[in-house]
Q: 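I have a structure I would like to understand better, so I am pasting it below and will then ask my questions one at a time.
Below, read A as the first sequence line, B as the second, and so on, with proteins coming before strands; counting in each chain starts at 1.
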There are 2 protein chains.
Amino acid sequence: MPHGGARKNAGRPKGQGKFGEPTKPVRIPTSLIASVIDFVHENGYILPFYGHKVQAGFPSPADDYIQEKIDLNKHLIKNPSATFLVRAMGDSMIGAGIHSGDVLVVDRSLEPKSGKIIIAAVDGQLTVKRLLQKNGQSWLMPENQDFPAIHISSTQDIHIWGVVTNVIHPV
Amino acid sequence: MPHGGARKNAGRPKGQGKFGEPTKPVRIPTSLIASVIDFVHENGYILPFYGHKVQAGFPSPADDYIQEKIDLNKHLIKNPSATFLVRAMGDSMIGAGIHSGDVLVVDRSLEPKSGKIIIAAVDGQLTVKRLLQKNGQSWLMPENQDFPAIHISSTQDIHIWGVVTNVIHPV
DNA sequence: TTTTTTGAATACCGTACATTATTCATGTTA
DNA sequence: TAACATGAATAATGTACGGTATTCAAAAAA
């Protein structure tokens, strides 16, 4: 006893899948499968970003006409393979907004120019300071009255490891 | 004229692929394929993290025995679907390490308890302040002498939008 | 002996395909 | 007529498969 028969509008509708859109198989290294699934599940960690144009009232997060979409990783990291993180200790750079315990995003591929905040190893000790170069001399300048400037001389073992691009300050 | 013949140790060695490890096909929504490929290519945006235990000399980034591996997204975002970003304007929270132009990571799923730094809309104007609740009263407290505290009364249109979890300060 | 050539062996990779899930017009039943 | 059951139609999904890339031991050549 047959039912149904040829007709239109039958079949599973589009966009009913797990993601509401078509998918394609992509090969993923086994060690990253879990994080890729996380990543996809979170829609790529793309967050709504309310910029400084928001003045006349705060839009609902549901409104998407005024917001940008930002992936923090891409926003903070320009050169992934040259980037690392360091936890800052001490208050010598408090004037630059770097507090003890903050996480610093450091890019090794940027040139440490005068005026940049840099990570340096001074006699094997890690430190964050502002680089100052003038009259052929180089200094590591703190931004806190209580700390001394460090003159970079050939008698000291100083390596500059990278330029600080962002400070992440937990609240 | 035949060459070769049956033998052992023939064939392409393992781990010679693009990623140096086995892969599996995973279905990805088309709109995310590009970012997933980026993500995989950058090894999941996993950065070396040199914690505060690094004291007796700064290890080379090649040394991986002392470093942790951190994905900034996972480090900064606990509840992806409830998280958004706002750019802070003004200096009213300078004492909490929030500078004009900083990007604030805000979690809407956290309860705005007294003492937390929160994002609020006051009469439609977006603001960041520390929430203070005592004696049944609620206040929005700046951390800058030049700004007044705001008393939350029923006559004002105040909505708390979320709790600030991290401050991202570009250098 | 040393160097070069060859092709068997085996991993890599993209995607076609078979399976599963879902919906709804039609047929059946009350 | 209204409610229900059926199965045709079609999208979604995971994986098997065929083609490609790569290496190396053996055979051939020098």
Side-chain angles (χ1 to χ4, degrees), chain A residues 1-48 61-65 67-74 77-84 109, chain B residues 1-48 61-65 67-74 77-84 109:
Chain A
M1 62 262 310
H3 294 246
R7 66 192 121 35
K8 302 182 71 173
N9 297 328
R12 184 177 185 168
K14 277 190 186 179
Q16 294 304 109
K18 212 177 297 182
F19 303 109
E21 65 175 307
T23 62
K24 274 194 62 170
V26 175
R27 279 198 176 269
I28 306 293
T30 48
S31 70
L32 287 179
I33 289 180
S35 22
V36 164
I37 288 174
D38 276 2
F39 182 87
V40 167
H41 189 253
E42 301 305 344
N43 200 32
Y45 281 103
I46 292 177
L47 303 178
D63 303 336
D64 56 358
Y65 55 91
Q67 74 199 25
E68 301 170 62
K69 297 285 192 173
I70 296 258
D71 179 335
L72 272 182
N73 273 340
K74 291 195 176 173
I77 306 169
K78 305 301 180 198
N79 304 292
S81 61
T83 299
F84 63 94
S109 71
Chain B
M1 63 271 300
H3 293 249
R7 68 195 114 44
K8 301 182 69 173
N9 298 329
R12 184 177 185 169
K14 277 190 186 179
Q16 293 304 110
K18 211 177 295 181
F19 303 108
E21 64 175 308
T23 61
K24 273 194 61 170
V26 175
R27 278 198 176 267
I28 306 294
T30 48
S31 70
L32 287 178
I33 288 180
S35 24
V36 164
I37 289 174
D38 276 2
F39 182 88
V40 168
H41 189 253
E42 300 306 345
N43 200 30
Y45 280 103
I46 292 177
L47 303 178
D63 302 336
D64 56 358
Y65 54 91
Q67 73 200 23
E68 302 169 62
K69 296 285 193 171
I70 296 259
D71 179 335
L72 272 183
N73 274 339
K74 290 194 178 176
I77 305 169
K78 305 303 179 196
N79 304 292
S81 61
T83 298
F84 63 95
S109 71

Q: Testing the basics here: between B:P80 and A:E42, what is the closest heavy-atom pair and its distance to 0.1 Å?
A: CB-OE1, 3.2 Å
Q: Between B:T83 and A:L47, what is the shortest heavy-atom contact and its length?
A: O-CD2, 3.7 Å
Q: To the nearest Å, give me how far apart CD1 (A:I33) and P (D:dT15) are.
A: 10 Å
Q: What's the CD-C1' distance between B:E21 and C:dA11, to the nearest Å?
A: 14 Å
Q: Identify which nucleotide among C:dA21, D:dA21, D:dA9 has an atom closest to any side-chain atom of B:R12, counting heavy atoms from C-beta outward.
A: D:dA21
Q: Checking all strands, does B:P25 fall into the base, sugar-phosphate, or nothing category for heavy-atom contacts under 4.0 angstrom?
A: base
Q: side-chain contact (heavy atoms from CB on, under 4.5 Å), that's the test. Do A:N73 and A:Y45 meet it? Break it down for me.
A: CA-CA 9 Å; A:N73 273 340; A:Y45 281 103; over 6 Å; no
Q: Does A:K18 make a side-chain N or O approach to OP1 or OP2 of D:dA11 shorter than 4.0 Å?
A: no
Q: When you match B:A10 and B:V26 each to their closest nucleotide on DNA chain D, which lands nearer the 5' end?
A: B:V26
Q: Give the table of side-chain donor-acceptor pairs shorter than 3.5 Å for residues 25-40 of chain B, with sequence neighbours excluded, one pair per line with atom names and distance.
A:
residue: B:R27; atom: NH1; partner: A:T23; partner atom: O; Å: 3.1
residue: B:R27; atom: NH1; partner: A:T23; partner atom: OG1; Å: 3.2
residue: B:T30; atom: OG1; partner: A:E21; partner atom: OE1; Å: 3.2
residue: B:S31; atom: OG; partner: A:E21; partner atom: OE1; Å: 3.4
residue: B:S31; atom: OG; partner: A:E21; partner atom: OE2; Å: 2.8
residue: B:S35; atom: OG; partner: B:L32; partner atom: O; Å: 3.3
residue: B:D38; atom: OD2; partner: A:K74; partner atom: NZ; Å: 3.3

Q: Whether B:Q16 contacts C:dC12 is assessed here as follows: a side-chain N or O lying under 4.0 Å from the phosphate OP1 or OP2. Is that the case?
A: no
Q: By nearest nucleotide on DNA chain C, pick out whichever of A:R27 and A:P13 is the more 5' one.
A: A:R27
Q: Select one nucleotide: of C:dA11, D:dT15, C:dA8, the one nearest the side-chain heavy atoms of B:K24.
A: D:dT15
Q: Name the closest nucleotide to the B:K14 side chain, picking from C:dA11, D:dG14, C:dC13.
A: C:dA11
